[in-house]
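By convention in this document, chain letters (A, B, ...) are assigned in the order of the sequence lines, proteins followed by strands, and residues within each chain are numbered from 1.
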Protein chains: 2
Amino acid sequence: MARVGLTPERLVRAGAELADEVGFDEVTVSALARRFDVKVASLYSHVRNSHDLRTRIALLALEELADRGAAALAGRAGKDALAAMANVYRDYAREHPGRATAARMRLDPETAAAGAGVRHARMTRAILRGYDLEEPDQTHAVRLLGSFFHGYVSLELGGGFSHSLPDSEETWTRLLDALDALLRNWPAPSAP
Amino acid sequence: MARVGLTPERLVRAGAELADEVGFDEVTVSALARRFDVKVASLYSHVRNSHDLRTRIALLALEELADRGAAALAGRAGKDALAAMANVYRDYAREHPGRATAARMRLDPETAAAGAGVRHARMTRAILRGYDLEEPDQTHAVRLLGSFFHGYVSLELGGGFSHSLPDSEETWTRLLDALDALLRNWPAPSAP
DNA sequence: TGGAGTTGCCTAAAGGCATTAGGCAAGCAG
DNA sequence: CTGCTTGCCTAATGCCTTTAGGCAACTCCA
């Protein structure tokens, strides 16, 4: 009964790797135990339950994304910043599909707030600082970008844009052009 | 052993209702059997397996959405059509959160093509007919709308926009303004 | 109307994941 | 070296999925 040296951190990191390999949905306490060559019950001293494990993986992914975002945003503004952040999301999703799926997991508000949620919100607002948007339009724009990135990554990860032309790469570039143009020329409310 | 009169259709419909009540993730062969007061094994003559059941619920939802979309789009063009379609997605998600989640389930390409996927693509292109977009920009725009609707509905369903101001309703209206403006003034590619 | 056949729902069984309770031994402190 | 903490284990329960095989309820046709 050699001790393996489990810790919550090691479990979460291994869980994230597992997610990237076999998909976030397949990340299970049992599979993780198998990976450490340890009995399932042993994990329960380090992780509350399955949901807790998945939540922690999501928080790890959000943290990593925020780190990358902060690095990418440094010294950039306007469209440059927009494209940099967009590519961070996208590249992360390609390198770490499982983690990226985890990052889109629904978290209860307190958990999200305690984690990197705040950093993400701040970063999005930092991008918008390069455009001339007053409140409440800035918030609308935050939600637009959030929805678009979330949706695009979901669809691309799900294979929605493969096997069809033009390729996803081109669409991505052009849509960033389009969003930049939109943010520069944000329309006034239409007549009700 | 009175016969209950199970059919694939009844199972799928009941599954969709179950999804709306308890969430798509909780839709399980066992739960469905319980709802019909029938043993679990009995469902397996009508549905291949759990994944098949969920897929069929997704296809039902896509079909319903396409029906509503077709009705909403009739006789509308331009922004009017855009808003009508957007509201179809959104209202459906509110009335039938479980089905709406199902509709965003990842389907393999053949299944999607065999189902209402084609109708959805056609409808989106019909909306864009009111704007002056040539290929490949039209395809880019299809993907933009798809990503945005998908993402927005996901976030809203997950509670992302509740408990914060401005309320989701206002953002929704303003973002439709914004998308309309963008489609009317679609930018040329930026210099590489 | 009364079989004969089909079909629908059942029993039985095996395998997997999640979770909890309680035990033993490995590693640390003195 | 002795005792204590703590980490991993055994054991057990409950729920879900899926398959195989059986009996009874319908159907249909003579």
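- Contact annotation: A:Thr28 side-chain N/O to C:dA18 OP1/OP2 distance is under 4.0 Å.
- Residues satisfying the salt bridge (Lys or Arg N to Asp or Glu O under 4.0 Å) test with A:Asp91, not counting sequence neighbours, are none.
- Taking the six-membered ring where the residue is Trp, the centroids of A:Phe148 and B:Phe148 are separated by 6.0 Å or more.
- The shortest non-hydrogen separation linking A:Gly158 to B:Arg106 is O-NH1, 3.3 Å.
- At a non-hydrogen distance threshold of 4.0 Å, A:Val38, A:Lys39, A:Ala41, A:Ser42, A:His46 from residues 33-58 of chain A come into contact with DNA chain D.
- The cationic group of B:Arg54 lies under 6.0 Å from the six-membered ring centre of B:Phe24 and within 45° of the ring axis, placing it in a cation-pi geometry.
- Here D:dT17 presents its P atom at 13 Å from CG of B:Asp25, a figure rounded to the nearest Å.
- In this structure, the ring of A:Tyr152 has its center less than 6.0 angstrom from the ring center of A:Phe161.
- Computed from coordinates, the B:Arg3 CZ to D:dA25 P distance equals 9 Å when rounded to whole Å.
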